[in-house]
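Quantities reported herein were computed from a predicted structural model and do not represent experimental measurements.
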Amino acid sequence: MCPYRLVLEHLTSRWGVLVLIELLDRPYRFSELRRAIGRVSEKMLTQTLQTLERDGLVHRDAKPVIPPRVDYSLTDLGREAAEQVRALALWTGERMADVEKARQAYDEARALQTRAS
């Protein structure tokens with residue numbers, strides 16, 4: 001897979017989108033971020049954060065305290081990407097009624113084709 005497509009996959013993955021959008025508001029500790037996103041396993045969130053960190057989108061700040069404290073925030077590159085992802089998410093919310101109409105029209109046309117066959 002070419003690098004461009006791989007990064008695009010990371011940005012638009014189910015959890016990648018939610019992490020990026022959530023981190024636009026402020027830095028989060030791991031457990032806070034997990035609660036804010038909801039229904040994501042610890043393992044999946046860890047993998048997503050590591051992937052986004054490797055791509056230069058997320059900054060991991062581990063503080064040398066007991067108990068350990070790790071904060072996650074967006075890098076400048078991550079903020080730029082997150083704003084684009086959020087714009088797509090907002091567009092989806094605004095245009096969902098049109099998508100639903102298109103789906104209904106498609107399903108009705110398919111049902112007519114199936115009956116005619």
Side-chain angles (χ1 to χ4, degrees):
M1 186 178 279
C2 75
Y4 167 84
R5 291 179 75 173
L6 194 56
V7 172
L8 187 59
E9 185 178 302
H10 298 163
L11 289 170
T12 59
S13 72
R14 177 181 184 183
W15 303 117
V17 165
L18 297 175
V19 165
L20 291 170
I21 290 172
E22 203 61 47
L23 288 176
L24 266 171
D25 293 335
R26 64 177 179 87
Y28 278 87
R29 294 178 73 177
F30 183 88
S31 58
E32 291 177 314
L33 185 57
R34 187 167 177 219
R35 278 191 303 275
I37 291 172
R39 296 183 6 182
V40 60
S41 70
E42 188 173 316
K43 178 182 177 185
M44 199 67 236
L45 182 55
T46 298
Q47 287 176 348
T48 300
L49 287 166
Q50 287 173 345
T51 298
L52 295 173
E53 182 183 6
R54 183 170 184 256
D55 288 343
L57 305 174
V58 169
H59 174 70
R60 180 180 185 273
D61 183 21
K63 308 239 190 294
V65 295
I66 297 181
R69 179 185 171 110
V70 179
D71 293 313
Y72 294 92
S73 60
L74 293 174
T75 63
D76 290 341
L77 185 63
R79 180 162 299 284
E80 186 179 335
E83 287 169 355
Q84 299 299 317
V85 169
R86 180 173 59 185
L88 180 59
L90 291 172
W91 176 88
T92 303
E94 292 168 1
R95 302 300 290 201
M96 199 59 212
D98 295 321
V99 171
E100 288 296 335
K101 273 196 255 179
R103 287 178 175 175
Q104 185 176 355
Y106 176 88
D107 291 345
E108 288 170 2
R110 294 286 294 201
L112 288 174
Q113 286 177 351
T114 301
R115 283 188 225 131
S117 299

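In terms of the salt bridge (charged side-chain N to carboxylate O under 4.0 Å, His left out) criterion, Arg5 has no residue partners (sequence neighbours excluded). Not counting sequence neighbours, the partners of Lys63 by the side-chain contact (heavy atoms from CB on, under 4.5 Å) test are Asp61, Val65, Arg69, Asp71. A search for side-chain hydrogen bond (donor to acceptor under 3.5 Å, both in side chains) contacts involving Glu94 returns nothing, not counting sequence neighbours. Under the side-chain contact (heavy atoms from CB on, under 4.5 Å) criterion, Val40 pairs with Trp15, Arg34, Ile37, Met44, Leu45, sequence neighbours left out. For Arg35, there are no salt bridge (charged side-chain N to carboxylate O under 4.0 Å, His left out) partners at least two apart in sequence or on another chain. Evaluation of the side-chain contact (heavy atoms from CB on, under 4.5 Å) rule for Ser13 yields no partner, not counting sequence neighbours. A search for side-chain contact (heavy atoms from CB on, under 4.5 Å) contacts involving Glu83 returns Leu24, Arg79, Arg86, not counting sequence neighbours. Not counting sequence neighbours, Asp76 has no partner by the side-chain hydrogen bond (donor to acceptor under 3.5 Å, both in side chains) test.
Between the CG atom in Leu90 and the CD1 atom in Ile21 there is a gap of 7.5 Å [rounded to 0.5 Å]. Separating the CG atom in Asp55 from the CG atom in Leu11 is a distance of 7.0 Å, to the nearest 0.5 Å. Atom CG in Leu49 sits 6.0 Å away from atom CG in Leu33 (nearest 0.5 Å). In this structure, the separation between CG on Leu8 and NE2 on His10 is 10.0 Å, given to the nearest 0.5 Å. To the nearest 0.5 Å, atoms CG (Asp98) and OG1 (Thr92) are separated by 11.5 Å.
Contact detail for Ala82 and Leu74: the closest heavy-atom pair is CB-CD1, 3.8 Å.
Hydrophobic side-chain contacts under 4.5 Å tie Trp91 into a cluster, directly or through other members, with Leu88. Hydrophobic cluster membership for Val99: Met96 (Ile, Leu, Val, Met, Phe, Trp, Tyr linked by side-chain heavy atoms under 4.5 Å, directly or transitively).
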What side-chain donor-acceptor pairs closer than 3.5 Å can you find for residues 25-32, not counting sequence neighbours?
residue, atom, partner, partner atom, Å
Tyr28, OH, Glu22, OE2, 2.8
Glu32, OE1, Arg29, N, 2.9

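Linking Ile, Leu, Val, Met, Phe, Trp and Tyr whenever their side-chain heavy atoms come within less than 4.5 Å puts Leu57 and Val70 in one cluster.
Sorted by first and then second residue, the side-chain hydrogen bond (donor to acceptor under 3.5 Å, both in side chains) pairs involving residues 105-117 (not counting sequence neighbours) are Gln104-Glu108.
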